[in-house]
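Have a look at the structure below before the remarks.
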Number of protein chains: 2
Amino acid sequence: MTERPDLDEIDRRILRELQADGRIRINELADRVGISHPNCLRRVRALRSSGVIKAIRATIDERRLGYEVVSFVTIQLESQHQTALGAFEAAIMPLPWVQQCWRISGDADFLLKCVSTGVEGMSRQLRQFAALPGVRAIRSFPSLGQSKDEPLPIPGHGDGAPG
Amino acid sequence: MTERPDLDEIDRRILRELQADGRIRINELADRVGISHPNCLRRVRALRSSGVIKAIRATIDERRLGYEVVSFVTIQLESQHQTALGAFEAAIMPLPWVQQCWRISGDADFLLKCVSTGVEGMSRQLRQFAALPGVRAIRSFPSLGQSKDEPLPIPGHGDGAPG
DNA sequence: TGTGAAAGAAAGTCCAT
DNA sequence: ATGGACTTTCTTTCACA
């Protein structure tokens, strides 16, 4: 929320560690990045309150919770006006099985990540999308599994230039 | 990794809390879910080592790190044989700007989430994908922002049935 | 900023149930 | 599998350099 203009190398190291293990102890973290504990604590707090760190959360195995199907869905609306886009977002907001919604450009207006307990659930969801006002086209991409999930590359050591 | 067949209501509460705040203290967590600290600690460890909790990590604001563009890319290969799919996955594995890769079915074989410092970087990435062997079709969906990002719905109180 | 100290809180261990 | 008591270890703040 607050502004935090420039991150130095220490901050970037902190971010790397926190992406690898969000529950790392402040002491351990301070040792790894090479600063004192109090300073490290201050920096972590600043990074969190400034919004550079959006959140620290557990990610859960969908299947172990009974969600057998993860699917991606692109949605194209009939109109790309703010009101139509906003109305769609408002409509999917209360649906708990829509985990993520991204506004995109290209052949569609939204990309959604959905979870369901089975294929019946998935097709029910697609019908529900189709019933929303202003929806022109729906494309569904059931996931067969995730083959890569890496933290954000953080420039500054040997992480490879981002391009 | 180890098997952990059934989660009880306490476990589900723990998962909810840990999705909301991955750095919550064991004591606080124990209070919230209504069990003792040692028991809570045991459960959290079990959930982590059994793989129900895949990870606890910080998520970082891409823009604050200089990534102005987040884009989704679908890739269709010429062949859907294991060898071709595996080769593609191996090829994108070392690319740090490919943050996620999902195997999908539908009009494409893979859905990628990519980050770059600007539109030039993005088009460079697309050219790089096009140069990979066996790539038939590429579709790019530059993101205009994320409008929803919610934790996995965990059944068991008023979270709404997942369908 | 780093250092060291010191209070307070939490984590981790063991045991009885 | 659980909660209680205990010991050890962290977190957090502060004064000082």
Side-chain angles (χ1 to χ4, degrees), chain A residues 1-61 63-66 151 154-157, chain B residues 1-61 64-66 151-152 154-157:
Chain A
M1 314 298 181
T2 314
E3 48 232 80
R4 165 141 305 271
D6 39 289
L7 307 177
D8 63 13
E9 177 57 28
I10 300 289
D11 287 320
R12 290 193 289 266
R13 279 190 215 151
I14 289 174
L15 294 176
R16 273 187 219 109
E17 296 294 336
L18 250 20
Q19 275 196 296
D21 178 7
R23 265 186 100 83
I24 187 174
R25 308 247 181 225
I26 293 294
N27 268 319
E28 170 75 8
L29 181 55
D31 285 351
R32 291 203 193 175
V33 306
I35 59 176
S36 67
H37 315 153
N39 191 8
C40 186
L41 181 61
R42 252 177 283 139
R43 283 171 182 261
V44 171
R45 288 215 252 244
L47 289 167
R48 296 192 76 173
S49 69
S50 69
V52 173
I53 295 173
K54 291 193 291 187
I56 299 181
R57 336 168 134 175
T59 62
I60 296 181
D61 189 323
R63 303 198 143 193
R64 303 295 281 274
L65 259 150
I154 297 182
H157 66 311
Chain B
M1 312 296 184
T2 314
E3 50 233 81
R4 164 143 304 272
D6 40 290
L7 307 178
D8 62 13
E9 177 56 28
I10 300 288
D11 288 320
R12 288 192 290 265
R13 279 190 216 153
I14 289 174
L15 294 177
R16 272 187 220 111
E17 296 294 336
L18 249 19
Q19 275 196 297
D21 177 7
R23 262 186 104 81
I24 187 175
R25 308 248 179 224
I26 293 295
N27 268 317
E28 170 74 10
L29 182 56
D31 285 352
R32 291 203 193 177
V33 305
I35 59 177
S36 67
H37 316 153
N39 191 7
C40 186
L41 182 61
R42 269 191 302 260
R43 282 170 181 262
V44 171
R45 287 215 254 244
L47 289 168
R48 296 191 74 173
S49 70
S50 69
V52 173
I53 295 174
K54 290 194 289 185
I56 299 181
R57 324 169 144 182
T59 62
I60 296 181
D61 189 322
R64 303 294 282 272
L65 259 150
L152 252 204
I154 298 181
H157 67 311

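To find a chain, count down the sequence lines: A is the first, B the second, and so on, and within it residues start at 1.
- Comparing dT13(C), dT13(D), dA11(C) by their nearest atom to the side chain of R23(A) picks out dA11(C).
- A donor-acceptor contact shorter than 3.5 Å links the side chain of R13(B) to the backbone of V33(B).
- Distance alone, capped at 3.5 Å, is enough to place a donor-acceptor pair between the R23(B) side chain and the I24(A) backbone.
- Protein atom CD1 of I26(B) is 21 Å distant from nucleotide atom P of dT8(D), rounded to whole Å.
- For R43(B), the listed nucleotide lying nearest its side chain is dT2(D); candidates were dT2(D), dT1(C), dT13(C).
- Distance NE2/H37(A) to CG/D31(A): 5.0 Å, rounded to 0.5 Å.
- Between the side chain of R64(A) and the backbone N or O of D6(B) there is no donor-acceptor pair closer than 3.5 Å.
- A donor-acceptor pair under 3.5 Å links the side-chain atoms of R12(A) to the main chain of L7(A), judged by distance alone.
- Ranked by how close their nearest DNA chain D nucleotide is to the 5' end, R25(B) and D8(B) are led by D8(B).
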- Go through I35(A) and R43(A) one step at a time and tell me if the side chain to side chain contact (heavy atoms under 4.5 Å, CB included) criterion holds. CA-CA 10 Å; I35(A) 59 176; R43(A) 283 171 182 261; 3.7 Å; yes

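- In this structure, CZ of R45(B) is placed 15 Å from P of dA1(D), rounded to the nearest angstrom.
- Picking from dT13(D), dG2(C), dT13(C) the nucleotide with the shortest atom distance to the side chain of N39(A) gives dG2(C).
- Nearest-nucleotide mapping onto DNA chain C: of H37(B) and C40(A), the residue sitting toward the 5' end is C40(A).
- Here the P atom of nucleotide dG8(C) and the CG atom of N27(B) are 17 Å apart, to the nearest Å.
- Stem list for DNA chain D (at least 3 consecutive Watson-Crick or G-U pairs, distances under 3.5 Å): C:1-6 with D:12-17, C:8-17 with D:1-10.
- Between the CZ atom of R42(B) and the C1' atom of dC15(C) there is a distance of 11 Å, rounded to whole Å.
- In this structure, the nucleotide among dG2(C), dT12(D), dG12(C) sitting nearest to the side chain of L41(B) is dG12(C).
- Between the P atom of dT9(D) and the CG atom of L29(A) lies a distance of 20 Å, rounded to the nearest Å.
- One N or O on the side chain of R16(A) and one on the backbone of I154(A) form a donor-acceptor pair closer than 3.5 Å.
- Separating the CD1 atom of I24(B) from the P atom of dT11(D) is a distance of 16 Å, rounded to the nearest angstrom.
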